[in-house]
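Just so you know, residue 1 is the first one in the sequence shown, and it goes up from there. Just follow the structure's listing: the first ligand is 1, and inside any ligand the first atom is 1.
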Amino acid sequence: MFIDEAKIYVKAGDGGNGCVSFRREKFIPKGGPNGGDGGKGGSVYLQTVEGLDTLMDFAGKHHWQAQNGKPGSGGNRHGADGQDLIIPVPPGTLIYDTDIDLLLKDMNKVAMKVRICRSGRGGKGNKAFATPTNQTPRYAEPGKKGQERNIRLELKLIADVGLVGMPNAGKSTLISRCSAAKPKIADYPFTTLEPVLGIVELSGFRRYVLADIPGLIEGSHNGAGLGIEFLRHIERTRILVHILDIMPVDGSEPVRNYKAIRNELKLYSKALAKKQEVIVANKIDLDPDGKIVKDLKKRLNKKIYPISAVTGSGIKELTELLWQKVKETKKEYNSGTD
Ligand SMILES: Nc1nc2c(ncn2[C@@H]2O[C@H](COP(=O)(O)OP(=O)(O)OP(=O)(O)O)[C@@H](O)[C@H]2O)c(=O)[nH]1
Ligand SMILES: [Mg+2]
C-alpha cells in the first residue's frame, strides 16, 4: 500500500473569560453587575477539497489552532467569538487520533466537512451570577478550554504514471532521479521487490505520482520471476512508461524485450494494455554515437524518448512530457470521456 502521511496537532479556540464589572454612573449609587460573557472559541474542521492529492503541505506546519474567544467586558458586552479553522485535505484522507489510536473519520467524499475539535465555551460574566441574596457577585466564570488532539492523516496514493520494464532496465534509477523516492538500485535483476511511489515535482507547483514496480519478464503471467501481481498497483494509473534497456547485460534484445513485456501486459489485462504508453530508451550514455537508439526507433517504428537515468540526460524533457500527458488524461477524465 502506498501511503502519504502527516502528523499534526490541532486545537480548538478557548472560550473568552467572563467579566467582573459593575455599573457606575452618576446618580445611580449602587449600579448592579454588568460584566459580559466571554465569546466562544473557534472549532477545528477538516474538509476535503477536490484537486488536492497530497499531504505534503503539512510537512512544514505541525500546529493548527483555531482562534480563541475574546473576554467579555463591562456594560454587558459579550466578547467576540473566535473564528473556526477549516483545514483542507485531499479526498481519501483517513483521520486518526494518535493519543487513543482510533480512526476518527474516513474522508472519502469531496467537500466533506467534519469537526475534529470542539471549541471552548465562553465564561459567563458576573451579571449572570446575580441573585436576590447576592446582588453584587464579584466573580465571573473563566472560559472553557478548546479541545485538542494529536492526529495522524493518512492518504492512499494513486499513481498517475506507472513504470514497467524488464529487471535491470533502470526503473528505480529513474524514479530516484525525478522524485525524492530512494528505492534500492543494483546491477542484478529483481532488485525491487515491492512497489515504490515517488512524487515528481516540477516548477509552478505541478506534480504527479510515479510508481516503480518490480521488473517483468517473459512468462511473468505464469509466475516467472516475481510474477505479475504487482501490475495491480498500476492498474489505475493514467499512463505507462515502458523502459527499455538499450544494452541489456544479459545480451537480450531490446525489441524482443519490448514485445515480451507488451505481451505480459495484454495477458494481465486488456485495460492495462490499452493505456497510453511512453516508450523510453534508457542508458543512452552507453551509446555515445546514438546508433543503437536510431536502430531501435527504426525497428520498433514507434516514438521513443532517449534518456540516461544515470547522467540525467533527457530526464527533464521526459518529466515535462509526462506532466502534459497526465494533465490531458485528467481533463478527459473530468469531461467524462475516460
Ligand atoms: N550506464 C547506465 N546504467 C544505468 C542507467 N540506469 C540504470 N543503470 C544501471 O542499471 C542497473 C539496474 O538499475 P535499477 O534502477 O536497479 O533497475 P530496475 O529496472 O529498477 O531493476 P529491477 O528492480 O531489478 O527490476 C543499475 O546498476 C544501474 O546503475 C543508465 O542510464 N546508464
Ligand atoms: Mg528496481
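Atoms of ligand 1 lying under 4.0 Å from any heavy atom of G215, numbered from 1 in the order shown and given with element: 25 (O). Of all the atoms in ligand 1, the ones that sit under 4.0 Å from a non-hydrogen atom of G170 are 7 (C), 13 (O), 14 (P), 15 (O), 17 (O), 18 (P), 19 (O). Taking a cut-off of under 4.0 Å to the non-hydrogen atoms of Y188, the atoms of ligand 1 that pass are 24 (O). Heavy-atom contacts of D285 reach the following atoms of ligand 1: 1 (N), 2 (C), 30 (C), 31 (O), 32 (N) (cutoff under 4.0 Å). Near L286, the atoms of ligand 1 lying under 4.0 angstrom from a non-hydrogen atom of the residue are 1 (N).
Residue contacts to the Mg ion (ligand 2): S172 brings an N, O or S atom closer than 2.8 Å. The Mg ion (ligand 2) lies under 2.8 Å from an N, O or S atom belonging to T192.
Using a non-hydrogen distance threshold of 4.0 Å, G165 does not register as a contact of ligand 1.
Contacts between P189 and ligand 1 below 4.0 angstrom, taking non-hydrogen atoms only, involve the backbone exclusively. Heavy atoms of I284 found under 4.0 angstrom from ligand 1: none, in either backbone or side chain. Only the backbone of A186 comes within 4.0 Å of ligand 1, judged by heavy-atom distances.
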Checking side chain to side chain donor-acceptor pair (under 3.5 Å) for the pair N150/D99: CA distance, chi angles, key distance, verdict?
-> CA-CA 6 Å; N150 288 297; D99 298 328; 3.2 Å; yes
Any chance you could lay out the side chain to side chain donor-acceptor pair (under 3.5 Å) test for N34 and S21, step after step, and finish with the verdict?
-> CA-CA 5 Å; N34 70 351; S21 160; 2.6 Å; yes
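Nearest approach of S179 to I199, heavy atoms of both residues: CB-O, 3.3 Å. When all heavy atoms of V44 and A66 are compared, the pair lying nearest together is CG2-CB, 4.0 Å.
Residue-to-ligand polar distances keep K184 apart from ligand 1: every N/O pair is separated by 3.5 Å or more.
Ranking protein heavy atoms by distance to atom 8 (N) of ligand 1, first place goes to K283 CE, 3.6 Å.
A centroid separation of 6.0 Å or more is found between the aromatic rings of Y9 and H62.
With hydrogens and angles left out, the side-chain atoms of N257 and S252 include a donor and acceptor closer than 3.5 Å.
Annotation: cation-pi geometry satisfied between K61 and W64 (NZ/CZ under 6.0 angstrom from ring centroid, within 45° of ring axis).
The 12-atom threshold is exceeded at CD of E277, counting heavy atoms of other residues, nucleotides or ligands nearer than 6.0 Å.
To the nearest 0.5 Å, the span separating OG1 on T93 from CG on L46 amounts to 7.5 Å.
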